[in-house]
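Here's a structure for you.
Only heavy atoms go into these numbers, but all of them, side chains included; no hydrogens, no water, no symmetry mates. Convention: sequence-line order gives letters A, B, ...; per-chain numbering from 1.
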Amino acid sequence: MRGFQPHDGGYQAVFEPYEAKILISLGEQLQQLLADGLGGNPAADEALHRVIPNAYRDDEEAAREWRELSRRGLIERKSAFAATMTTGLRAIADGDGPAPLSVTEGEAIDWMRAIGDLRLILADRLGILVDGDEGADDPPEAGDLYRWLAWIQDDLVRALDGGR
Amino acid sequence: MVMRDNGAMTAAPLPALDNQVVVTPQHAAEVPWRTVVWNDPVNLMSYVSWVFRRHFGLDEATAEQRMLQVHNDGRAILAEGNREQMERHVEAMHEYGLWASVERVER
């Protein structure tokens, strides 16, 4: 992968087909988890607690009301952020060599959000609970993915900040 | 929050900042509420700081100070105003994957 650079009013990065496939797979898993959470699956609900946190920490009644009003919309928007990422990568995944991906600023922000959500879920699986936790690296690929996604997110922040 | 391995935070002293928050105008009779962002072990410092600038329109120094407050104290107040406005901020923070909640301002 080559990081995001300003391009044509938006940004452009270069991905290998295998990188595109990994991100598509992760994005689709995230969408599935969000859909299951919306469907009331308790296991998915538990996995989503870091992605859709409690909006009222000291008022159970208000927290429940807020959930009823906002949860569906939030899940749908988060699913759309993941879709921006996976849709853009399809052609690269199907190609036979590294290829550029161009995104608008809005799409870049969708990417940041989808990658942030993936990191929250991976962190949960790795057992990262407090600052400084490295995670159990179990399975080892999960730790590598977690760090790679951090790199991409940091890269997007840099690009959106005008390459500082 | 976490730093990227090579994304060292600047060690330069921050300018003195008062406790300014984004204040939404409201009627005197309305009970004020606040938007609190909580520390988490996952989101990158660079990202949190960027979100604060982008969403709350904070300047760079203030955003950095708020981000460090979240990191060091476990939480920071990002806005005060009526409840509806605070819920909108919290929903936006959740879209960005940050842990935010609405709180009544104690009098």
Can you tell me which of D59(A), L74(A), I52(A), V51(A) forms the most heavy-atom pairs within a distance under 4.5 Å of chain B?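 Sorted descending by pairs with chain B, the first entry is L74(A).
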Are there more than 12 heavy atoms of other residues, nucleotides or ligands under 6.0 Å from atom CZ of R64(A)?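 Enclosed.
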If you take all heavy atoms of A142(A) and L122(A), which pair is closest and at what distance?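 A142(A) and L122(A) have their closest heavy atoms at CB-CD2, 4.3 Å.
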Could you tell me which of L69(A), D117(A), I109(A), D58(A) has the largest number of non-hydrogen atom pairs under 4.5 Å with chain B?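 Between L69(A), D117(A), I109(A), D58(A), the count favours I109(A).
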Does E68(A) have more than 12 heavy atoms from other residues, nucleotides or ligands lying within 6.0 Å of its CD?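 Yes, enclosed.
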Can you tell which of M93(B), E103(B), H71(B), E91(B) has the highest number of heavy-atom pairs within less than 4.5 Å of chain A?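 Answer, by heavy-atom pair count under 4.5 Å with chain A: E91(B).
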Using a 4.5 Å cut-off on heavy atoms from C-beta on, say whether the side chain of V48(B) contacts that of Y96(B).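 Y96(B) does not reach V48(B) side chain to side chain.
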Does any backbone or side-chain atom of R77(A) lie under 4.5 Å from a heavy atom of chain B? Answer side chain, backbone, both or neither.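 For R77(A), the contact with chain B is made by the side chain alone.
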